[in-house]
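To keep things clear, I will list the structure first and then write my remarks on it.
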Amino acid sequence: MTSRMLLEALELNGSGHLWSIDLPPLSETWYRESRAAVPLDRRKRWTYVRGSSRRNLERVLASLPAQLSLFVHDSLHTYPTMTWEFDTAWGRLAPGGVLLSDDIDDNASFVDFAERRGVDNVVVAKEALRSGHIGVLRKPES
């Protein structure tokens, strides 16, 4: 659903492209449901990279022609994975760009990352209908 919402926003903006890196769903039912969430008419702005972020994120980021305006973490919510993804994406994030992370209350990686980078543009919001929290950081302009 995250990909669907982001693709809807890109379509409304009339520009942009979404790269999703994700392991294949373990269940055939999950696979069908995740593919169904992204309608065919939105897939022209979407590239799905099958596999783990550890194996693919650096390669995908290196292949992009420009800096990122948004990076969304919604994969394995362990401290090492989240920290590695944040550090890896931060260098390609444009000044003023946004890093968004799901389930930041699973561990301290989001808070530690923000403190280590000296980022004070931080928003934390409780997820509607769920017990988790979403965190948003804005990369300083200078």
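Owing to the predicted nature of the structure, the values given are computational and were not obtained by experimental measurement.
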**Message:** Could you check whether any side-chain heavy atom of Val111 comes within less than 4.5 Å of a side-chain heavy atom of Ile104, counting everything from C-beta outward?
**Reply:** no
**Message:** For Pro80, is there any backbone N or O sitting under 3.5 Å from a side-chain donor or acceptor partner on Thr83?
**Reply:** no
**Message:** For Pro95 versus Gln67, what's the shortest heavy-atom pair and its separation?
**Reply:** CD-OE1, 3.7 Å
**Request:** Could you pull out the closest heavy-atom pair between Val119 and Pro140, with the gap in Å?
**Result:** CG2-CD, 4.4 Å
**Asked** Is the shortest heavy-atom distance from the side chain of Leu61 to the side chain of Leu68 under 4.5 Å?
**Response** yes
**Request:** Look at the side-chain heavy atoms of Ile, Leu, Val, Met, Phe, Trp and Tyr, link any pair under 4.5 Å apart, and say whether Leu57 and Tyr48 land in one connected group.
**Result:** no
**Message:** Tell me if a side-chain donor or acceptor on Arg42 pairs with a main-chain N or O of Glu8 at a distance below 3.5 Å.
**Reply:** no
**Item:** Those residues that, when tested against His73, pass ring-ring contact (aromatic ring centres under 6.0 Å, His included) (two or more places apart)
**Value:** His77, Phe86
**Message:** Hydrophobic cluster membership, with links at side-chain heavy-atom distances under 4.5 Å among I/L/V/M/F/W/Y: are Tyr79 and Leu100 in one?
**Reply:** no
**Rounded distance (nearest 0.5 Å) linking atom CG of Asp106 with atom OG1 of Thr81** = 11.5 Å
**Prompt:** Under 4.5 Å between side-chain heavy atoms, hopping through other hydrophobics if needed: is there a path connecting Leu99 to Leu64?
**Reply:** yes
**Prompt:** Are Leu137 and Leu70 grouped together when hydrophobic residues (ILVMFWY) are joined by side-chain heavy atoms under 4.5 angstrom apart?
**Reply:** no
**Message:** How long is the straight-line distance from CG of Asp41 back to CZ of Arg43, given to the nearest 0.5 Å?
**Reply:** 9.5 Å
**Asked** When rounded to the nearest 0.5 angstrom, what distance separates CG in Leu12 from CG in Leu7?
**Response** 11.0 Å
**Asked** Rounded to the nearest 0.5 Å, how far apart are CD of Glu58 and OG of Ser53?
**Response** 9.5 Å
**Prompt:** Can you tell me how far the CG atom of Leu76 sits from the CE atom of Met82, to the nearest 0.5 Å?
**Reply:** 9.5 Å
**Request:** Kindly indicate, with the supporting measurements, whether the criterion side chain to side chain contact (heavy atoms under 4.5 Å, CB included) is fulfilled by Trp46 and Leu10.
**Result:** CA-CA 10 Å; Trp46 184 42; Leu10 293 175; over 6 Å; no
**Asked** Under the 3.5 angstrom rule, does the side chain of His133 hit a backbone N or O of Ala125 as a donor-acceptor pair?
**Response** no
**Message:** Quick check: is Val49 connected to Leu18 through a chain of hydrophobic side chains (ILVMFWY, heavy atoms under 4.5 Å apart)?
**Reply:** no
**Check: Arg54 and Ser75 side chains under 4.5 Å, non-hydrogen atoms** = no
**Request:** Report the C-alpha distance between Glu11 and Lys44 in whole Å, list the side-chain angles of each, state the deciding distance to 0.1 Å, and finish with yes or no for salt bridge (Lys or Arg N to Asp or Glu O under 4.0 Å).
**Result:** CA-CA 10 Å; Glu11 193 65 28; Lys44 66 183 180 284; 3.4 Å; yes
**Prompt:** Does the distance from a Lys or Arg side-chain N to an Asp or Glu carboxylate O, for Arg117 and Asp87, drop under 4.0 Å?
**Reply:** yes
**Message:** Looking at Arg55, I'd like to know if its CZ atom is crowded, meaning that more than 12 non-hydrogen atoms belonging to other residues, nucleotides or ligands lie closer than 6.0 Å.
**Reply:** no
**Asked** Can you find a heavy atom in the side chain of Glu85 that is under 4.5 Å from one in the side chain of Ile21?
**Response** no
**Prompt:** Say you draw a straight line from OG of Ser20 to CG of Asn56; how long is it, rounded to the nearest 0.5 Å?
**Reply:** 12.0 Å
